[in-house]
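Following: one structure in structure tokens, then a few remarks.
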Amino acid sequence: MTNSQMKTAEIRVRFAPSPTGYLHVGGARTALFNWLFARKHRGTFILRIEDTDVERSSEDMVEGILDGLRWLELDWDEGPYFQSQRLMLYRQRAQALVQSGDAYYCFCSPEELAAKRQRAGADPSRWQYDRSCRSLPQEVVRAKLQAGVPRAIRFKVPLDGSTIFEDRVYGRIEVHNRDIEDFVLLRSDGHPTYHLSVVVDDADMGISHIIRGADHLSNTPKQVLLYRAFGLDLPVFAHLPLILGPDRSRLSKRHGATSVTAYREMGFVPAALRNFLALLGWSPGDTKQEIFSTEELIERFSLDAISKSNAVFDFEKALWMNGQYLRAMSAEQLEPLVREELKKAGLWREELAGEKRAWFLHLIDLLKVRARTLTYFVEAGRPYLSDEYPIEPKAMKNLRHPQLRELLPELAHRFEQLHPFTLETTERVLRELAAERGVKAGLLINAVRAALTGSAVTPGIFDVIVAVGQERTVHRLRRAVDWIDEAEARAR
RNA sequence: GCCGCUAUGGUGUAAGUGGUUAACACGCCGCCCUCUCAAGGCGGAGACUGGGGGUUCAAGUCCCCCUAGCGGUACCA
């Protein structure tokens, strides 16, 4: 099989982050789309680290990105390759373009360029490189090289005509070559710029489809020019609409949680985040379904259904979706995840995996309907796992009723005598007491809820009572009387 | 500034090749359920499809102009 046959036959895609920051949701979405596409077509998903900007890249960031991908369960088939380890290749290719007349040495120093830019007038960003080195006489070039003058290599962009390519998402893109400056391929320190390394690597690694953020759309013509100069066939380009913050500017740190790590820490489940991200800029078509298993996502994914307009990241919907996933999981599935959260909060005890496991699983079932994140199990679970729990003001309010001072001890007394202590018996006792004293059951129920959990919002009260257990329930009901007294004292 | 792209309710998206009162999900409001809050069920408000011109019997869907937003315009990626 020849190389070109291989390329057309095989789907090879890549995720190529630069380690200048953590993996953020935009990058994760790009990785996800590449991954879905690869899995759908039984292709190869390659991970490549674009660390050619030595100043801004760091190994910590590389680890962070790999961690993020692993957590999202986006497994790669090849790599990670590091561009920093392929520098010779880029130098050779840049050199070859100088040889073929498609590129030239530029001896202008960054300082000179900055100065020229300044002089250019009102708006410095309007300035385009003046190509002063493009037609330096041979002897001058030779002399400067001999003298060891620092030099970059620039691409010789055609002076007229235009560059056209077909984007799988955005369609035909055309730009006039006069709007493209002679961009740098190789920096004077021997490091390649993005345009060079990306083209060299994508070609070298046999990438068939380049799926990446639309922020690269405007620069793609430069790369198309490079493919031509190298005599390479173009891969398929598919640019993805950008992910925006609520204010419609590009999603960034100031919008709050943007790193994948942040979502993990907030208690998101990978499958939920994947599902949510998949629906940002892509649509499964005419269906009412919102929740898709990974298999369904792979099955339905298509480049054709990617939209062209940028998408605002709706955190509320992400939370909703995570809640859907948590609710759909069984207590057994949730247990290891909840366990991790409890450990972090210092609430974990080994007996929860031993003799109290069944009780613990039941507790998870009680709490999960209300959960939108994993961390919810910590806050909501605290009163069941510890005797230290905060009393919220709303709960305190439910305790402040004149009759409770007397009703609560009586209920405690009756509960203490109760055998067996079940959903049915506790409910009967409580309702009987309420009826006897002519108060609404709700009054008593809300007070018990406050006493037992410190909260005004919990699962059904009898579930709570049984989960807390007879002994602790009795104790907490009596202790609540002290709370009432303290509150009264404070009020005076 | 220049170049490019985009434009459907607050948000994400639907609405084969133009064809009845623009659909779904999140969010919001209300009702049911009920011991609270969720979940669930039911219902509602919310879009003259960015604006203006065309083409057509008929346009969210085609064309032009404008506007806005975003992206690019680096020896960043």
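Nothing here was measured: the structure is a model prediction, and the numbers come from that model. Numbers restart at 1 for each chain; the letters A, B, ... are given by sequence-line order, proteins then strands. We use all heavy atoms of the structure for the numbers below, so side chains are in, but hydrogens, waters and symmetry mates are not.
The residue A:Leu430 sits apart from the nucleic acid: no heavy atom pair falls under 4.0 Å. As judged by a 4.0 angstrom heavy-atom cut-off over every strand, A:Thr52 is placed among residues touching the sugar-phosphate backbone only. Among the protein residues, A:Ile461 comes within range of the nucleic acid bases, having at least one heavy atom under 4.0 Å from a base atom. Counting any heavy atom pair closer than 4.0 Å across all strands shown, A:Glu50 reaches sugar-phosphate atoms only and no base atom. Across all strands, A:Asn219 comes closer than 4.0 Å to base atoms (heavy-atom distances). Across all strands shown, A:Arg449 has heavy atoms under 4.0 Å from base atoms, whether or not it also approaches the sugar-phosphate. Using a 4.0 Å heavy-atom distance criterion, A:Pro17 is classed as making no nucleic acid contact. Among the heavy atoms of the strands lying under 4.0 Å from A:Ser307 are primed sugar atoms or P, OP1, OP2 only; no base atom is included. At a threshold of 4.0 angstrom between heavy atoms, the contacts of A:Ser188 include nucleobase atoms, whether or not backbone atoms are also involved. Nucleic acid contact class of A:Gly323 (heavy atoms, under 4.0 Å, all strands): none. Across all strands, A:Ser18 comes closer than 4.0 Å only to sugar-phosphate atoms, never to a base (heavy-atom distances). Counting non-hydrogen atoms under 4.0 angstrom, A:His216 reaches a base of the nucleic acid. No engagement by A:Ala441 is indicated, since no non-hydrogen atom pair under 4.0 Å with the nucleic acid exists. A:Glu55 comes within contact range of no nucleotide atom at all, as no heavy-atom separation falls under 4.0 Å.
Spacing of P atoms, B:A7 relative to B:U13, comes out at 11 Å, to the nearest Å. On the C1' atoms, B:A45 is 13 Å away from B:G27, given to the nearest whole Å. A gap of 30 Å separates the P atoms of B:C29 and B:C70, to the nearest Å. Taking atom P on both B:U55 and B:G60, the two are 16 Å apart, rounded to the nearest angstrom. Going from the C1' atom of B:G50 to that of B:U6 covers 11 Å, rounded to whole Å. For B:A15 and B:G52, the P atoms lie 25 Å apart once the distance is rounded to whole Å. Comparing B:C32 with B:A38, their P atoms are spaced 15 Å from each other, to the whole Å. Across the P atoms, B:G54 and B:A58 are found 12 Å apart, a figure rounded to whole Å.
Each of B:C3, B:A77, B:C70 was ranked by its minimum atom distance to the side chain of A:Asn310; first place goes to B:C70. Distances were taken from every side-chain heavy atom of A:Pro110 (C-beta onward) to each of B:C75, B:A38, B:C35; the shortest belongs to B:C75. When distances run from any side-chain atom of A:Asp53 to the nucleotides B:C3, B:G12, B:A77, the shortest one goes to B:A77. Here B:G27 is the nucleotide among B:G27, B:G12, B:G72 with the atom lying nearest to any side-chain atom of A:Glu316. Taking only side-chain atoms of A:Arg248, from C-beta outward, the nucleotide of B:G12, B:C24, B:A38 with the closest atom is B:G12. Across B:C75, B:U6, B:G4, the shortest atom-to-atom separation from the side chain of A:Ser309 is found for B:U6. The A:Asp314 side chain lies nearest to B:G10 when the options are B:G10, B:G71, B:C5. Each of B:C5, B:G12, B:G71 was ranked by its minimum atom distance to the side chain of A:Ala311; first place goes to B:G12. Set against B:A39, B:A25, B:A38, the side chain of A:Lys317 has B:A25 as its closest nucleotide. In the set B:A38, B:C5, B:G12, B:C5 carries the atom at the smallest distance from any side-chain atom of A:Tyr170.
Remark: C1' of B:U13 and CD1 of A:Ile291 are 14 Å apart, rounded to the nearest angstrom. Protein atom CZ of A:Arg300 is 13 Å distant from nucleotide atom P of B:A14, rounded to whole Å. Summarising the geometry, the separation between CD1 on A:Ile243 and C1' on B:U11 is reported as 14 Å, rounded to the nearest angstrom. One interatomic measurement links the two molecules: CZ of A:Phe276 to P of B:U11, which rounds to 14 Å at whole-angstrom precision. When the C1' atom of B:G69 is taken as reference, atom CG of A:Leu251 falls 16 Å away, rounded to whole Å. The distance from atom CG of A:Leu186 to atom P of B:A77 is 11 Å, rounded to the nearest whole Å. Following rounding to the nearest Å, A:Asn322 (CG) and B:A38 (P) show an atom-to-atom distance of 18 Å. In this structure, CG of A:Asp182 is placed 14 Å from C1' of B:A74, rounded to the nearest angstrom.
With contacts defined as side-chain heavy-atom distances shorter than 4.5 Å, the pair A:Phe301/A:Trp282 qualifies. With a 4.5 Å cut-off on side-chain heavy atoms, A:Arg131 and A:Leu159 count as touching. Within the 4.5 Å cutoff, no side-chain heavy atoms of A:Glu436 are placed close to those of A:Glu410. Between A:Asp247 and A:His255 there is a side-chain heavy-atom pair separated by less than 4.5 Å. Looking at heavy atoms from C-beta onward, A:Gln223 lies in side-chain contact with A:Tyr194 at the 4.5 angstrom threshold.
Not a single donor-acceptor pair, N or O on each side, falls under 3.5 Å between the base of B:C70 and the side chain of A:Arg250. Side-chain to base pairing of A:Thr193 with B:C75: no donor and acceptor N or O lie closer than 3.5 Å to each other.
Under the Watson-Crick or G-U wobble criterion, with both distances below 3.5 Å, B:U21 is left unpaired in every strand shown. Base pairing annotation: B:C28 forms a Watson-Crick or G-U wobble pair with B:G44, both donor-acceptor distances under 3.5 Å. Pair check for B:C5 finds B:G69; Watson-Crick or G-U wobble, both atom distances under 3.5 Å. Across all strands shown, B:A58 forms no Watson-Crick or G-U wobble pair with both key distances under 3.5 Å.
Of the residues near RNA chain B, A:Asn446 and A:Glu174, the one whose nearest nucleotide (by heavy atom distance) lies more toward the 5' end is A:Glu174. In terms of position on RNA chain B, the residue among A:Trp320 and A:His195 whose nearest nucleotide sits closer to the 5' end is A:Trp320.
In this structure, A:Arg154 reaches the B:C75 phosphate: one of its side-chain N or O atoms is under 4.0 Å from OP1 or OP2. Between A:Thr458 and B:C37 there is no side-chain polar atom (N or O) within less than 4.0 angstrom of OP1 or OP2.
For the pair A:Ala450 and A:Trp483, the tightest heavy-atom approach, listed with the atom from each and the gap, is O-CZ3, 3.8 Å. Of all heavy-atom pairs spanning A:Phe155 and A:Ala229, the tightest one is CE1-CB, 3.7 Å. When all heavy atoms of A:Tyr384 and A:Thr453 are compared, the pair lying nearest together is OH-CG2, 4.1 Å.
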>> side-chain hydrogen bond (donor to acceptor under 3.5 Å, both in side chains) for A:Asn322 and A:Tyr263? Distances and angles first, verdict last.
In response: CA-CA 10 Å; A:Asn322 199 53; A:Tyr263 284 84; over 6 Å; no
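A cation-pi arrangement is absent between A:Arg300 and A:Phe292, since the terminal nitrogen or guanidinium carbon is not both under 6.0 Å from the aromatic centre and inside a 45° cone about the axis.
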